[in-house]
Amino acid sequence: MATDTSAPSDLPAAEVPTAPPTAAVLLIGNELLSGRTKDINLAHIAESLVGRGIRLLEARVIADIPQAIVTALNELRANHDYVFTTGGIGPTHDDITADCVAEAFGVDLPINPEARAVLQSFCDEREIELNEDRLRMARIPTGATLIDNPVSAAPGFRLDNVFVMAGVPRIMQAMLASILPDLRTGPIMHSVSVGCDLGEGTVASALRALQEAHPVVEIGSYPGKTGQLGRLSLVARGTDEAELDVVRQALTEMVSALGGQLT
């Protein structure tokens with residue numbers, strides 16, 4: 001007889017703890033790796049996911065190399081609940097993301113009638129031709145559903161747990177906004193911070209001890225500057241606001257005990 005590994009029957013389903021959904025981002029494009037284009041999509045995606053209780057655990061920047069994209073997609077979609085890609089779904093020869101997604105899933109890449117109709121309407125309104133190059137943007141892997149693009153019409157798409165979006169920030173942001181309400185959420189991560197004038201080498205041992213005392217809270221130190229003064233930000237993140245308040249007080253006391261000043 002198989003062993004029952006489900007939750008105890010006397011525990012209401014609503015109280016069964018579940019792990020927060022995890023996500024990865026795949027930023028695609030030679031222009032990102034050359035430095036020509038400065039990415040801002042990752043920060044926007046990360047902030048949006050934090051607000052939904054989705055843990056972004058991995059991000060990769062990858063060139064327009066088909067096999068590299070396919071390999072990365074298969075690795076990421078197997079290890080995370082959600083994968084978000086940006087870039088490579090335009091009309092030019094180096095826009096190969098749709099091709100790579102289709103290959104990763106082992107499906108065809110036909111012209112999608114709904115995507116074609118959207119593009120045709122967009123072109124008709126502007127009196128431009130829906131030529132073969134523009135029609136490339138209507139190629140959608142079999143089984144995928146479209147992601148609306150209210151900015152420039154050419155849709156993104158979702159296939160299983162992979163969400164394929166444009167690389168242009170304002171288009172990506174509009175696509176992501178339409179996706180977010182349908183994603184599974186988790187406990188919201190909150191954060192507290194304490195600024196001080198100490199160096200990382202001074203606080204390292206005490207900070208390590210504090211982390212060991214609060215293993216479910218993420219504690220980090222981030223050096224920077226405020227005017228001409230050195231400033232170290234001590235940041236704690238977690239889902240339990242009461243515990244975060246305890247950690248914040250402990251950080252404040254730690255700074256004082258080490259002879260530092262709060263900034």
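None of the values given here were measured: they were computed from a predicted structure.
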Full working for side chain to side chain contact (heavy atoms under 4.5 Å, CB included) between Lys38 and Leu32: CA-CA 6 Å; Lys38 306 297 188 292; Leu32 298 174; over 6 Å; no
From [X] [atom1] over to [Y] [atom2], what is the distance, rounded to the nearest 0.5 angstrom?
{"X": "Thr142", "Y": "Phe105", "atom1": "OG1", "atom2": "CZ", "result": "12.5 Å"}
{"X": "Leu27", "Y": "Thr85", "atom1": "CG", "atom2": "OG1", "result": "9.0 Å"}
{"X": "Leu234", "Y": "Arg248", "atom1": "CG", "atom2": "CZ", "result": "13.0 Å"}
{"X": "Ser152", "Y": "Leu119", "atom1": "OG", "atom2": "CG", "result": "9.0 Å"}
{"X": "Met172", "Y": "Asn149", "atom1": "CE", "atom2": "CG", "result": "12.0 Å"}
{"X": "Ile219", "Y": "Gln211", "atom1": "CD1", "atom2": "CD", "result": "4.5 Å"}

Can you confirm whether [X] sits close enough to [Y] that some side-chain heavy atom of one is under 4.5 Å from a side-chain heavy atom of the other?
{"X": "Ile69", "Y": "Ile96", "answer": "yes"}
{"X": "Thr86", "Y": "Ile28", "answer": "no"}
{"X": "Leu49", "Y": "Phe84", "answer": "yes"}
{"X": "Asp245", "Y": "Gln249", "answer": "no"}
{"X": "Thr239", "Y": "His190", "answer": "no"}
{"X": "Val217", "Y": "Arg237", "answer": "no"}
{"X": "Ile89", "Y": "Met137", "answer": "no"}
{"X": "Ile179", "Y": "Ile147", "answer": "yes"}

Taking [X] for the side chain and [Y] for the main chain, is one N or O donor matched with an acceptor at less than 3.5 Å?
{"X": "Ser256", "Y": "Glu253", "value": "no"}
{"X": "Arg158", "Y": "Asp160", "value": "yes"}
{"X": "Asn112", "Y": "Ile140", "value": "no"}
{"X": "Ser193", "Y": "Val235", "value": "no"}
{"X": "Arg170", "Y": "Val151", "value": "no"}
{"X": "Arg52", "Y": "Leu180", "value": "yes"}
{"X": "Thr97", "Y": "Gly87", "value": "yes"}
{"X": "Ser48", "Y": "His44", "value": "yes"}
{"X": "Arg136", "Y": "Thr92", "value": "yes"}
{"X": "Asn30", "Y": "Ala63", "value": "no"}

Should we count [atom1] of [X] as having more than 12 external heavy atoms under 6.0 Å?
{"X": "Arg126", "atom1": "CZ", "value": "yes"}
{"X": "Glu200", "atom1": "CD", "value": "yes"}
{"X": "Glu132", "atom1": "CD", "value": "no"}

Please determine whether residues [X] and [Y] belong to a single hydrophobic cluster, defined as Ile, Leu, Val, Met, Phe, Trp and Tyr linked transitively by side-chain heavy-atom distances below 4.5 Å.
{"X": "Val246", "Y": "Leu262", "result": "no"}
{"X": "Val118", "Y": "Phe163", "result": "no"}
{"X": "Leu251", "Y": "Val216", "result": "yes"}
{"X": "Tyr82", "Y": "Leu57", "result": "no"}
{"X": "Val164", "Y": "Ile62", "result": "yes"}

CA sep, side-chain torsions, deciding dist, call: Val61, Leu33, side chain to side chain contact (heavy atoms under 4.5 Å, CB included): CA-CA 7 Å; Val61 184; Leu33 292 166; 3.7 Å; yes
Heavy-atom pair of closest approach, residues [X] and [Y]:
{"X": "Gly220", "Y": "Leu207", "answer": "C-CD2, 4.5 Å"}
{"X": "Val70", "Y": "Cys100", "answer": "CG2-O, 3.5 Å"}
{"X": "Ile171", "Y": "Ala166", "answer": "CG2-CB, 3.6 Å"}
{"X": "Leu244", "Y": "Val192", "answer": "O-CG2, 3.8 Å"}
{"X": "Val25", "Y": "Ile45", "answer": "CG2-CG2, 3.8 Å"}
{"X": "Pro187", "Y": "Pro20", "answer": "CD-CB, 4.1 Å"}

Side chain to side chain contact (heavy atoms under 4.5 Å, CB included) assessment of Leu56 paired with Leu42: CA-CA 10 Å; Leu56 180 59; Leu42 177 57; 4.0 Å; yes
From Leu159, Val101, Leu26, Asn161, residue fulfilling side-chain contact (heavy atoms from CB on, under 4.5 Å) relative to Arg77: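 Testing each of Leu159, Val101, Leu26, Asn161 against Arg77, the sole residue satisfying side-chain contact (heavy atoms from CB on, under 4.5 Å) is Asn161.
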salt_bridge(Arg60, Glu58) N-O dist < 4.0 Å: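 So Arg60 pairs with Glu58 through a salt bridge.
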Carboxylate-amine/guanidinium contact Arg139 Asp99, below 4.0 Å: yes
Distance-only donor-acceptor check, side chains Asp124 and Gln120, under 3.5 Å: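 Asp124 vs Gln120: donor-acceptor pair found between side chains.
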Thr263 and Arg231 side chains, donor-acceptor separation under 3.5 Å: yes
Residue pair Cys123, Glu129: steps toward the side chain to side chain contact (heavy atoms under 4.5 Å, CB included) verdict: CA-CA 6 Å; Cys123 289; Glu129 178 190 3; over 6 Å; no
